[in-house]
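For clarity, every value in this text was computed on a predicted model and none was experimentally measured. Letters A, B, ... are given to chains in the order of the sequence lines, protein chains preceding strands, and every chain is numbered from 1.
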Amino acid sequence: MDLIEEIYKLVRQVPRGRVSTYGAVARALGDIIASRAVGLVLNLNPDPDRTPCYRIIASDGSVGGFSRGIEEKIERLRRDGIEVRNGKVMNFGKVFFDDFDTDYPLKRLRKEQMRLSRKVRLKDELGEIRYVAGFDAGYSKSDPLTAHGAIVTIELESMEIVEEMIARKRIRFPYIPTYLAFREFPVFLEAYRRIKIQPDLILVDGNGILHPFKLGIASHIGVSLDLPTIGVAKNLLMGEMRGEDVVYQGEVLGKAVYSSRKPIFVSPGHRMSLDTAVRLVRKLCRYRIPEPVRLAHILAKS
DNA sequence: GCGACAG
DNA sequence: ATCTTGTCGC
Ligand SMILES: [Mg+2]
């Protein structure tokens with residue numbers, strides 16, 4: 001799924017003399033939550049003549065940002081015949097374009113999450129756990145369209161590294177909260193296909209079932225490979241704290257683990273109960289982040 | 001300005 | 001997530 005191209009295709013539908021908004025483009029993608037991602041993608045637009053990203057402004061009528069400076073954005077809008085005063089588009093309601101031709105790609109991906117979430121199993125289905133892998137992805141500002149995916153596998157008993165793998169993949173999907181797997185799963189798979197030692201368990205940087213459709217990236221990976229997985233997040237995506245429980249819509253989907261002063265948020269991904277996930281994560285923590293993920297994080301950045 | 005949404 | 005020297009505390 002090339003969501004970056006989908007965004008550019010929508011932007012090209014905005015006619016000269018009209019403007020639209022980051023939120024309107026996000027709604028045409030299928031989910032308003034993607035509005036910030038629309039801005040980030042337009043920031044990387046290589047050709048503002050072919051893809052007139054300057055016609056996308058903030059929902060309050062202010063012009064928003066432009067990588068070449070907002071002066072050029074205002075100048076381009078004026079050349080289109082748009083009146084701009086004090087950084088605001090005049091007659092906003094009249095020039096606003098929202099008549100996008102779209103098949104709502106994010107709605108399709110949401111349905112895919114709902115379909116996969118029915119396959120998640122939350123009872124312990126673990127054989128003997130000898131090898132534990134951790135996965136994380138890293139990026140760089142100088143090359144923001146390449147993801148670096150790292151897998152580090154350790155032996156549980158000795159906590160020694162037995163394998164390290166790094167893969168690169170062109171990114172065609174921005175970070176959108178609750179859609180993380182569609183960004184990072186491809187580079188995970190690229191690295192996973194190359195490892196020689198089959199892990200018995202994979203820890204993933206991100207959530208498991210602690211997700212609005214119970215399909216965070218750890219569950220997405222677990223179900224796709226039918227392997228036991230655990231999600232380990234450094235920040236809380238959703239839910240409220242009840243003691244150490246993370247509760248969402250009346251259900252305990254995760255737990256805060258105080259491996260250091262600041263907690264991490266653990267949720268089962270697949271073939272695992274919450275309690276077992278927490279027990280295994282505690283066992284794997286030398287510092288705040290469990291070793292396989294911590295080491296994968298370092299490798300992905302290098 | 002506030003709230004806030006993994007990475 | 002990224003941009004990033006040095007400093008402080010444990
Ligand atoms: Mg990460």
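- Among residues at least two apart or in separate chains, side chain to side chain donor-acceptor pair (under 3.5 Å) pairs with a member in residues 263-291 of chain A are A:D124-A:S273, A:D124-A:T276, A:D226-A:H270, A:S273-A:T276, A:E291-A:R294.
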Let me have the donor-acceptor pairs involving side chains of residues 209-222 of chain A, under 3.5 Å, with sequence neighbours excluded, atom names and distances please.
from, atom 1, to, atom 2, distance (Å)
A:H211, ND1, A:F213, N, 2.9
A:H211, ND1, A:L215, N, 3.3
A:H211, NE2, A:T178, O, 2.8
A:K214, NZ, A:E251, OE1, 2.9
A:K214, NZ, A:E251, OE2, 3.0
A:S219, OG, A:G208, O, 3.4
A:S219, OG, A:I209, N, 3.4
A:S219, OG, A:G269, O, 2.8

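- Looking only at atom types and distance, the side chain of A:Y54 has a donor-acceptor partner in the side chain of A:D80 under 3.5 Å away.
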Checking side-chain contact (heavy atoms from CB on, under 4.5 Å) for the pair A:V246/A:E240: CA distance, chi angles, key distance, verdict?
-> CA-CA 6 Å; A:V246 185; A:E240 43 195 60; over 6 Å; no
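- Taking the side chain to side chain donor-acceptor pair (under 3.5 Å) definition, one finds that A:Q249 meets it with nothing, sequence neighbours left out.
- Ring-plane geometry between A:Y192 and A:F188 is classed as parallel, the angle between the planes falling under 30 degrees on a 0 to 90 degree scale with a further cut at 60.
- Residue A:A24 comes nearest to A:S20 through the heavy atom pair CB-OG, 3.4 Å, listed as atom of the first residue, atom of the second, then distance.
- Taking all atoms of both residues into account, the shortest heavy-atom contact from A:S62 to A:I57 is O-CB, 3.5 Å.
- Contacts with DNA chain B (heavy atom under 4.0 Å) in residues 239-269 of chain A: none are found.
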For residues 32-46 of chain A, tabulate all N or O donor-acceptor pairs below 3.5 Å that involve a side-chain atom, not counting sequence neighbours.
from, atom 1, to, atom 2, distance (Å)
A:S35, OG, A:I32, O, 3.2
A:N45, OD1, A:D47, N, 3.1
A:N45, ND2, A:T51, O, 2.8

For side-chain contact (heavy atoms from CB on, under 4.5 Å), just list the numbers for A:L295 and A:I161, CA-CA rounded to whole Å, side-chain angles, deciding distance to a tenth of an Å, and then say yes or no.
-> CA-CA 9 Å; A:L295 295 167; A:I161 295 172; 3.9 Å; yes
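- A:Y22 has its side chain out of reach of A:S59: every pair of non-hydrogen atoms, C-beta onward, lies at least 4.5 Å apart.
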Summarise protein proximity over nucleotides 5-10 of chain C in one line of letters, 5' to 3': B for base, S for sugar-phosphate only, - for none, counting protein heavy atoms closer than 4.0 Å.
-> ------
For nucleotides 1-7 of chain B, just jot down a letter per nucleotide in 5' to 3' order: B, S or -, based on protein non-hydrogen atoms under 4.0 Å.
-> ----BBB
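- Residues satisfying the side chain to side chain donor-acceptor pair (under 3.5 Å) criterion with A:R85, sequence neighbours excluded, are A:E83.
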Both distances under 3.5 Å, Watson-Crick or G-U wobble: on that basis, could you give the dot-bracket string for DNA chain B, with [ ] for crossing pairs and | for other-strand partners?
-> .......
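- Not counting sequence neighbours, the partners of A:T146 by the side chain to side chain donor-acceptor pair (under 3.5 Å) test are A:D143.
- Side-chain contact between A:R110 and A:Y179 is present, with heavy atoms from C-beta onward closer than 4.5 Å.
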Strand DNA chain C as a dot-bracket string - pairs counted if Watson-Crick or G-U with both distances under 3.5 Å, | where the partner lies in another strand | ..........
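- Pairs of residues two or more places apart, or lying in two chains, that qualify as side chain to side chain donor-acceptor pair (under 3.5 Å) and include a residue from residues 254-265 of chain A are A:D245-A:K255.
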